[in-house]
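One structure is given here, and the rest of the page talks about it.
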Amino acid sequence: MTKLLYISYFAPYDTVDHAGGKVHNFYIKKMQKQKDYDVTLLTMCYQREVAKLDLDRYGIRHRLVILDRTKAQSLVRKLVSGFSYYNPWDSYSGILLNYERYRLKKMIREYARENKKPDLIILQWTQIVLLMPFIRRFYPDTPIVAIEEDVLFLNFYRKIGLAKSRLSKRIAGYQYRNMKKKELAALKKAQLVVTNNPKDGRLLEENQIEKEKLFVSSVYFEDYDRVSRSCKWKDILFYGAMYREENHMSAMWFIEKVLPLLPEGYRFVIAGARPLKELLEQQNERVRVLGFVEDIAPYFSECICLAAPLLLGAGIKVKILEAMSAGVPVLTNEIGIEGIGAEPGKEYLHCVTEKEYADAIQGLLANREQAEEIGQAGRDYVTKNFDLNKKYQELLERMEKL
């Protein structure tokens, strides 16, 4: 039996609402069912997530750092982590904060001191991969699998282009170079590096990660093939974890740039957990902010399209795959479609400028037959090209050879 130590940045549970969490939840619960894997998970979550955790129900042995158990602990975390979050020259570029880093290291150290000797280690999320030098102190020879949800230095590179002043551009440039150096150095110490799409795999290969140690998997997404499209409203849908910068910025851009170009009657509907105050203040008869929704399917059924004018981000965007699986015409740009490989004009509509988005939306409403064709082509493409169950089996075969 293989003793597997799994270390992750976010705790998995069946109702997790972010893309990386869904992949993590899929992997670890599949591995737990394998008779030849003895799994132990070291992970972290917030107090608000504790009631959602289901690790005990699945029989997954785990140790957990729970953040913000009390108001006092929350204050301490924010004060300690604030030094790294607001410091533009932070050694981890603000993605692995001081308090969280301290708690994770403490948990890993305690586990190692109990003479726990795993046969294999999996590190999920770049934040955990960056702890590779620390983990190698305790396990210098144990094979390590590094799962990259996104190649983070690519996201930092994009922030340079969004910087509005010379100082902010200089800071963004430093953070990009720092993250690229740290991320690549950590990945080189792994025996297997897993990406969720071919584009990220090629990017890492171009940056001296050996092709032989790369494995291209797929993302987890809910398949909404069951959705029946009615499109009875002039609704344009956007969804995602709305507290995340890339989603908030994209929704605000659409409201400010595209919505004014559309005639009355069109409505921008935004679904997703914890929308920020600035977005909530935009609500009116043309902007509807739903917050978290249990099921996105009814909104897929009723919308004209999904509009995703993403300004930041890296890797595959699950919202794009889920909308395509439902037969919803998708309007997005290079960032939104990267790693998916769909054909513009056939399986989705490629838009960059505000006018292109506005024209495409009105075109879909004017030509329902074209809208249906694009939606069906997108659905067929996703069904054919994204199968995480198949990739999981291939990943197991690779891990068995380590």
Side-chain angles (χ1 to χ4, degrees), residues 6-10 18-21 23-24 27 42-44 81 84-85 87-98 100-102 104-105 108 121-137 139-140 142-163 169-217 219 244-246 312-317 335 338-339 395:
Y6 208 129
I7 310 175
S8 68
Y9 194 62
F10 300 103
H18 51 91
V23 173
H24 179 26
Y27 278 147
L42 308 184
T43 191
M44 184 169 65
S81 287
S84 46
Y85 184 78
N87 174 14
W89 315 113
D90 174 63
S91 60
Y92 288 90
S93 298
I95 69 153
L96 186 57
L97 304 180
N98 289 341
E100 289 84 343
R101 186 166 72 245
Y102 165 76
L104 285 165
K105 283 186 173 182
I108 294 167
I121 298 172
I122 296 179
L123 309 181
Q124 186 138 5
W125 276 286
T126 304
Q127 289 91 332
I128 298 296
V129 173
L130 293 176
L131 293 176
M132 182 78 75
F134 177 79
I135 294 167
R136 278 296 187 204
R137 291 185 205 170
Y139 305 109
T142 305
I144 292 182
V145 178
I147 299 178
E148 287 268 276
E149 291 301 329
D150 302 314
V151 177
L152 269 188
F153 69 75
L154 176 59
N155 197 29
F156 278 88
Y157 177 76
R158 287 173 172 155
K159 289 184 178 182
I160 300 173
L162 295 174
K169 191 174 289 290
R170 183 185 172 197
I171 291 170
Y174 165 79
Q175 292 180 329
Y176 159 67
R177 292 187 298 274
N178 180 55
M179 179 51 55
K180 184 176 182 180
K181 180 180 178 181
K182 272 187 160 46
E183 190 170 1
L184 291 173
L187 291 174
K188 287 175 182 178
K189 294 181 181 295
Q191 278 63 51
L192 183 62
V193 177
V194 180
T195 69
N196 288 334
N197 63 83
K199 185 175 184 292
D200 280 355
R202 289 192 297 271
L203 177 61
L204 292 178
E205 188 178 348
E206 290 165 5
N207 284 276
Q208 286 75 56
I209 300 299
E210 298 171 26
K211 185 177 182 179
E212 292 72 23
K213 68 162 58 175
L214 286 167
F215 176 82
V216 177
S217 185
V219 294
R244 296 186 63 169
E245 182 182 20
E246 59 265 34
L312 279 178
I316 284 184
K317 311 303 179 296
I335 296 176
E338 76 174 354
L395 176 59

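One-based numbering along the sequence shown.
Residue Arg244 places its CZ atom among 12 or fewer non-hydrogen atoms of other residues, nucleotides or ligands, all under 6.0 Å distant. Around CZ of Phe134, the count of heavy atoms belonging to other residues, nucleotides or ligands within 6.0 Å exceeds 12.
Between Ile7 and Thr43, the closest side-chain pair of non-hydrogen atoms is not below 4.5 Å. Looking only at side-chain heavy atoms (C-beta outward), Asn207 and Phe153 come within less than 4.5 Å of each other. Contact annotation: the side chain of Leu184 approaches that of Leu204 to within less than 4.5 Å [non-hydrogen atoms, C-beta and beyond]. Looking only at side-chain heavy atoms (C-beta outward), Val129 and Trp125 stay at 4.5 Å or farther from each other. Thr126 places none of its side-chain heavy atoms less than 4.5 Å from the side chain of Asp150. Met179 is listed as a side-chain neighbour of Leu130, based on a closest heavy-atom distance under 4.5 Å. When side chains are defined from C-beta on, Leu123 does not count as touching Val145, because their heavy atoms never get closer than 4.5 Å.
In this structure, Asn155 has no side-chain hydrogen bond (donor to acceptor under 3.5 Å, both in side chains) partners at least two apart in sequence or on a different chain. Checked against ring pair (Phe, Tyr, Trp, His ring centres under 6.0 Å), Tyr9 has no partners two or more places apart in sequence or in another chain. Residues satisfying the side-chain contact (heavy atoms from CB on, under 4.5 Å) test with Lys188, not counting sequence neighbours, are Gln208, Ile209. Taking Thr195 as the reference, nothing meets the side-chain hydrogen bond (donor to acceptor under 3.5 Å, both in side chains) condition, with sequence neighbours excluded. Take Glu149 and apply the side-chain hydrogen bond (donor to acceptor under 3.5 Å, both in side chains) test, not counting sequence neighbours, and it matches Gln124, Asn196. Qualifying side-chain contact (heavy atoms from CB on, under 4.5 Å) partners for Arg101, counting only residues two or more places apart in sequence or in other chains: Tyr92, Leu96, Asn98, Lys105, Leu131. In this structure, the side-chain contact (heavy atoms from CB on, under 4.5 Å) partners of Pro143, at least two apart in sequence or on a different chain, are Leu120, Gln191, Leu402. Residues forming a side-chain contact (heavy atoms from CB on, under 4.5 Å) with Ala163 (at least two apart in sequence, or on another chain): Ser168, Lys169. Legend: residues meeting side-chain hydrogen bond (donor to acceptor under 3.5 Å, both in side chains) with Thr142, ordered by chain and number and at least two apart, are absent.
Atom CD1 of Ile108 is separated from atom CD1 of Ile128 by 6.0 Å, given to the nearest 0.5 angstrom. Taking CD1 from Ile147 and OG from Ser217, the interatomic distance works out to 8.0 Å, rounded to the nearest 0.5 Å. With values rounded to the nearest 0.5 angstrom, Asn87 atom CG is found 11.0 Å from Leu97 atom CG. Taking CZ of Phe156 as the start and CD of Glu183 as the end, the distance is 9.0 Å to the nearest 0.5 Å. With rounding to the nearest 0.5 angstrom, the CG atom of Leu104 is 10.0 Å from the CD atom of Gln127. In this structure, CD1 on Ile144 lies 11.0 Å from CG on Leu187, to the nearest 0.5 angstrom.
Residues Ser81 and Glu100 approach most closely at OG-OE1, 2.7 Å, considering heavy atoms. Across every non-hydrogen atom of Gly94 and Tyr85, the tightest pair is O-CD1, 4.3 Å. Of all heavy-atom pairs spanning Gly339 and Pro198, the tightest one is O-CD, 4.1 Å.
For residues 170-182, no pair satisfies salt bridge (Lys or Arg N to Asp or Glu O under 4.0 Å), with sequence neighbours left out. The ring-ring contact (aromatic ring centres under 6.0 Å, His included) analysis of residues 172-204, with sequence neighbours excluded, yields the pairs Trp89-Tyr174, Tyr157-Tyr176. Identified under the salt bridge (Lys or Arg N to Asp or Glu O under 4.0 Å) test for residues 190-214, with sequence neighbours left out: Lys199-Glu338.
A salt bridge links Lys159 to Glu245: one of the charged nitrogens lies within less than 4.0 Å of a carboxylate oxygen.
Note: His24 and Tyr6 have tilted aromatic rings, judged against thresholds of 30 and 60 degrees for the angle between ring planes.
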